[in-house]
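Read through the structure below, which is laid out as structure tokens, and then see the notes.
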Amino acid sequence: SRLYVAVLGHPYGPNTERGVFRSTDNGDNWVQVNNGLTTTFVLSFTTIASGDIFAGTYFGGGVFRSSDNGKTWSEKNDGLVATDVRAIAVNANNDIFAGTYGIGMFRSPDSGESWEKVNNGLLALYVRSLAINSSGDIFAGADFIGGAGGVFRSTDNGQSWIDVSNGVITTDVRALAINSGGHIFAGTYFTGGAFRSTDNGQSWTPVNNGLTCGNIWSLAINSTGDIF
């Protein structure tokens, strides 16, 4: 299996460290694979059943697709009027969802060839994170800007959204993850820590025992249910 990481490098100005790196040997060695990326500020990845890889970028890059395991990338922004893509995810039907910072959610039904805005009910447009459960419900985490933030849920493939932030006391939601039992975990910023929902987002409780830092940027769950 192949691993891909996005590397920021020095945050100010151009540098050769930035972009996508790939490992084909379980992380023992890495090579940079930026060919075709017009911006190397990569923030998110997802893959579809065909093996195509999608990278969400910011600073005007939008979404890029690779069909050759990262060797080359092509820009896929037709209809994507917001090119600051902080989160990207795919459902079981290979519909791709891009969460943008400031203009909300976009959906592509055709492997990134075209995009449409799907913001009905989505009051928080500064999207930071996405997760999709086994039923196809989509969860979007957003920063609290312009009077709205937190977690929003769509049960109709992005056509409409509702706020499901009840119990999330810090509504800057930077990370989302869902375990095999359908429990949802939200990582928040501004010392809010982690929250868990066992009822598909209807309510949340803090789960911070032993968590010494409350500013969470990412979450991951392995095959045995361990959370990182």
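Residue numbers count from 1 along this sequence.
Between Y126 and Y101, the ring planes lie perpendicular to each other; the angle is over 60°, past the 30° to 60° tilted range.
Between the side chain of W204 and the backbone N or O of I184 there is no donor-acceptor pair closer than 3.5 Å. Proximity of a side-chain donor or acceptor of N77 to a complementary backbone N or O of G61 within less than 3.5 Å is detected. Remark: the backbone N or O of T16 is paired with a side-chain donor or acceptor of Q32 at under 3.5 angstrom. Of the possible polar contacts, none joining the N208 side chain to the G214 backbone as a donor-acceptor pair under 3.5 Å is found. In terms of modelled atom types and a separation under 3.5 Å, the side chain of N34 and the main chain of R18 share a donor-acceptor contact. A donor-acceptor pair under 3.5 Å is absent between the side-chain atoms of N157 and the main chain of G136, judged by distance alone. Side-chain N or O atoms of D84 include none that pairs as donor or acceptor with a backbone N or O of T100 at under 3.5 Å. A donor-acceptor pair is defined here as one N or O able to donate and one able to accept, closer than 3.5 Å; such a pair exists between the side chain of S197 and the backbone of S203.
F228 has its side chain within reach of N222: a pair of non-hydrogen atoms, C-beta onward, lies under 4.5 Å apart. Counting heavy atoms from C-beta outward, W73 and T38 have side chains that stay 4.5 Å or more apart. Between K71 and V33 the shortest side-chain heavy-atom distance does not fall below 4.5 Å. In this structure, V81 and F106 have side chains that are in contact, with non-hydrogen atoms separated by less than 4.5 Å. Using a 4.5 Å heavy-atom threshold, the side chains of I169 and P206 count as separate. In this structure, the side chains of L123 and W161 stay at 4.5 Å or more apart for every pair of heavy atoms. Looking only at side-chain heavy atoms (C-beta outward), F54 and S111 come within less than 4.5 Å of each other. The closest side-chain heavy-atom distance from N215 to T191 is below 4.5 Å.
The same ILVMFWY cluster, assembled from side-chain heavy atoms under 4.5 Å apart, contains both W115 and I103. Both L130 and I132 sit in one connected hydrophobic cluster of ILVMFWY residues. Membership requires side-chain heavy atoms under 4.5 Å apart, directly or through other members. There is no path of hydrophobic side-chain contacts, each under 4.5 Å, that joins I216 to V173. A single hydrophobic cluster is seen to contain both F195 and L176, as judged by linkage of ILVMFWY side chains at heavy-atom distances under 4.5 Å, directly or through other members. Y58 and F64 are members of different hydrophobic clusters when ILVMFWY side chains are connected at heavy-atom separations under 4.5 Å.
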Determine, stepwise, if the pair N119 / L125 fulfils side-chain contact (heavy atoms from CB on, under 4.5 Å).
-> CA-CA 8 Å; N119 281 344; L125 301 180; 3.9 Å; yes

Derivation and outcome, side-chain contact (heavy atoms from CB on, under 4.5 Å), residues I96 and I48 = CA-CA 8 Å; I96 307 165; I48 62 174; 4.2 Å; yes

Would you check, one step at a time, whether the test side-chain contact (heavy atoms from CB on, under 4.5 Å) holds for W30 with V7?
-> CA-CA 11 Å; W30 297 87; V7 176; over 6 Å; no

Starting from the C-alpha separation in whole Å, work towards a yes-or-no answer on side-chain contact (heavy atoms from CB on, under 4.5 Å) for R153 and V151.
-> CA-CA 7 Å; R153 182 184 67 204; V151 182; 5.9 Å; no

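The two residues I53 and G70 come nearest to each other via the heavy atoms CD1-N, 3.9 Å. Of all non-hydrogen atoms in W217 and R174, the two that sit nearest each other are CH2-NH1, 3.0 Å. Taking all atoms of both residues into account, the shortest heavy-atom contact from G27 to L3 is N-CD1, 3.7 Å. The nearest pair of heavy atoms linking A6 to F45 is N-CE1, 3.6 Å. Considering all non-hydrogen atoms of both residues, N15 and L8 come closest at ND2-O, 3.8 Å. Across every non-hydrogen atom of K76 and G112, the tightest pair is CB-O, 3.3 Å.
To the nearest 0.5 angstrom, D28 atom CG is 6.5 Å from N26 atom CG. One distance of note links CG of L219 with CD1 of I227; it measures 8.0 Å at 0.5 Å rounding. Rounding to the nearest 0.5 Å gives a distance of 10.5 Å between OG of S74 and CG of N35. Here F144 contributes atom CZ and S165 contributes atom OG; the two are 10.0 Å apart, rounded to the nearest 0.5 Å. Going from atom CG of N166 over to atom OG1 of T205 covers 11.0 Å, rounded to the nearest 0.5 Å. Separating the OG1 atom in T47 from the CG atom in D52 is a distance of 9.0 Å, to the nearest 0.5 Å.
Between the side chains of S114 and D78, not a single donor N or O lies within less than 3.5 Å of an accepting N or O. Of the N and O atoms on the side chains of D143 and Y189, not one donor lies less than 3.5 Å from an acceptor on the other residue. Neither side chain, S135 nor D137, offers a donor N or O lying under 3.5 Å from an acceptor on the other.
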